[in-house]
Amino acid sequence: VLRGSGVDAVQAQRIYVGGFEPLADRHGFLLVYPEGFEKHWNDCRKAAPYSANTADIDDVGFLRAVVGDLVRRDGADPARAFVTGFSNGGQMALKLAFEAPDDFAAIAAVGASHPTTDNCDCTDSGRPANLMILNGDADPINPYQGGEVIPRPQTSFGTVIGTEASAEVWAQRIDAGAPVTRVYDDVDPSDGTVVARRDWTGAGRHVALVTIWGGGHVLPHPQSNPPPMLGAGNRDLNGAELIWDFFSRADPSGN
């Protein structure tokens, strides 16, 4: 589970509102919150000004090593490694989809979209992945329709393409047809958000786009109460449960 910019592993748990811990207990998976270099990940955004990017830290290699350590030390199944991240961590998850899709059975990116071509310094393997993207269409930091990522005044991480275009990159790689669509029950109308989903399947892979209509830079959770600067939080669903359900259904063999 990869945290966002400027936060540590403890704060990453808070971003997910502790949603993964009971799931790990119930389903028996190992849960890890790695720390990035100076609280950042070296994702695909060329313009990002933080040291992990400017020093070109090998975070793909680091996260591969984390999985290798869990395999050696704890007996983890290397074919059932999963990664999710929020914001900068979501961008790092997308980098893993680009550069190391065969190392993770499934990947989920939250509050993140692909950089535009001129802002991308990743090496694209061109291979498919089981990938979920979960974004709010009113995200004030990662623009749903694409544009400049400005996490704080006078700071730019460059431009990204739209969320839907990001998902379509991966749908095209699995030669998927029309997606299956659904709208989740609006359990809490007072939060001002509604959740919709599109799922594509093909070539033994699964791509999902979860859109929080009216939602901000926040993971859904029934207890969501984000600061106004991040936009509205959805209280209809538990984002960690959505992600784990996607992971648990992934077939790492691609069959």
Side-chain angles (χ1 to χ4, degrees), residues 2 43-45 60 78-86 89-117 119-120 122-137 139 142-147 159-185 193-213 215 219-220 234 236-255:
L2 310 180
D43 59 48
C44 291
R45 295 173 296 185
V60 173
R80 300 293 291 175
F82 307 97
V83 61
T84 184
F86 174 77
Q91 296 288 354
M92 186 64 214
L94 291 175
K95 181 171 185 174
L96 293 169
F98 271 137
E99 297 194 351
D102 298 332
D103 292 288
F104 296 91
I107 297 167
V110 182
S113 304
H114 288 316
T116 54
T117 300
N119 189 36
C120 184
C122 284
T123 301
D124 186 359
S125 73
R127 297 192 297 275
N130 291 309
L131 177 69
M132 170 182 277
I133 297 176
L134 195 160
N135 286 347
D137 83 311
D139 188 325
N142 184 73
Y144 188 87
Q145 300 297 340
T159 52
V160 295
I161 66 174
T163 293
E164 296 178 18
S166 297
E168 287 165 3
V169 167
W170 298 94
Q172 291 170 5
R173 291 192 183 192
I174 61 175
D175 294 322
V180 175
T181 62
R182 67 171 294 185
V183 177
Y184 289 91
D185 292 339
T193 68
V194 176
V195 184
R197 177 168 175 162
R198 277 170 271 183
D199 289 89
W200 295 263
T201 56
R205 293 289 186 266
H206 181 190
V207 174
L209 170 60
V210 179
T211 299
I212 314 301
W213 295 111
L219 188 78
N234 174 268
D236 299 332
L237 300 171
N238 183 320
E241 291 181 355
L242 274 180
I243 292 167
W244 173 246
D245 179 72
F246 179 78
F247 286 172
S248 66
R249 297 172 186 271
D251 181 352
S253 69
N255 295 320

Exam field: side chain N119 to backbone T159, donor-acceptor pair closer than 3.5 Å
yes
Do V183 and V194 come close enough that some side-chain heavy atom pair is under 4.5 Å?
yes
Is there a side-chain contact between N130 and F104, using heavy atoms and a 4.5 Å cut-off?
no
Check whether NZ of the Lys or CZ of the Arg R249 lies under 6.0 Å from the centre of the six-membered ring of F246 and within 45 degrees of that ring's axis.
no
Between A250 and A105, the two heavy atoms sitting closest are CB-O, 3.8 Å
Is there any salt bridge (charged side-chain N to carboxylate O under 4.0 Å, His left out) pair reaching into residues 92-113, and which pairs are they, with sequence neighbours excluded?
R64-D103, D102-R127
Before giving the answer on side chain to side chain contact (heavy atoms under 4.5 Å, CB included), spell out for I174 and V207 the whole-Å C-alpha distance, their side-chain angles and the decisive distance to 0.1 Å.
CA-CA 9 Å; I174 61 175; V207 174; 3.9 Å; yes
Would you call the rings of F247 and F82 parallel, tilted or perpendicular, where under 30° means parallel and over 60° means perpendicular?
parallel
Under the side chain to side chain contact (heavy atoms under 4.5 Å, CB included) rule, what do N135 and I212 come out as? Steps first, then yes or no, please.
CA-CA 6 Å; N135 286 347; I212 314 301; over 6 Å; no
Looking at every non-hydrogen atom in both residues, tell me the closest pair between P115 and C44 and how far apart they are.
CG-CB, 3.7 Å
Closer than 3.5 angstrom, by distance alone: can the side chain of T84 be matched with the main-chain N or O of A108 as a donor-acceptor pair?
yes
Testing the basics here: between G239 and L219, what is the closest heavy-atom pair and its distance to 0.1 Å?
CA-CG, 4.0 Å
Check whether any side-chain N or O of Q91 sits under 3.5 Å from a backbone N or O of S113 as a donor-acceptor pair, and report yes or no.
yes
Please test V160 against Y144 for side chain to side chain contact (heavy atoms under 4.5 Å, CB included), starting from the C-alpha separation and ending with a verdict.
CA-CA 9 Å; V160 295; Y144 188 87; over 6 Å; no
Can you measure from CG (L94) to SG (C122) and round to the nearest 0.5 angstrom?
9.0 Å
Any sub-3.5 Å donor-acceptor pair from S125's side-chain atoms to F98's backbone N or O?
yes
I'd like to know whether T163 forms a side chain to side chain contact (heavy atoms under 4.5 Å, CB included) with I133, so could you lay out the CA-CA distance, the side-chain angles of the two residues, the decisive distance to 0.1 Å, and finally the verdict.
CA-CA 8 Å; T163 293; I133 297 176; 4.1 Å; yes
Does the side chain of L96 come within less than 4.5 Å of V60's, by heavy atoms?
yes
So which heavy atom on R197 is nearest to which on A208, and how close?
NH2-CB, 4.0 Å
Can you tell me how far the CD atom of E241 sits from the CG atom of D245, to the nearest 0.5 Å?
9.0 Å
Evaluate the side-chain proximity of M132 to I107: yes if any heavy-atom separation is below 4.5 Å, no if none is.
no
Strictly by modelled atom types, are W170 and H206 linked by a side-chain donor-acceptor pair under 3.5 Å?
no
A side-chain contact here means heavy atoms from C-beta on lying under 4.5 Å apart; do L131 and P101 qualify?
no
Measuring from atom CZ of R182 to atom CG of D199, what distance do you get when rounded to the nearest 0.5 angstrom?
8.5 Å
So, for G111 and D139, which heavy atoms are closest and what is the spacing to 0.1 Å?
CA-OD2, 4.2 Å
May I ask you to decide if L237's main-chain N or O and N234's side chain share a donor-acceptor pair within less than 3.5 Å?
yes
With a 4.0 Å cut-off, would you call D124 and R173 a salt bridge?
yes
Contact summary for A178 and W200, nearest pair of heavy atoms
C-CD1, 4.5 Å
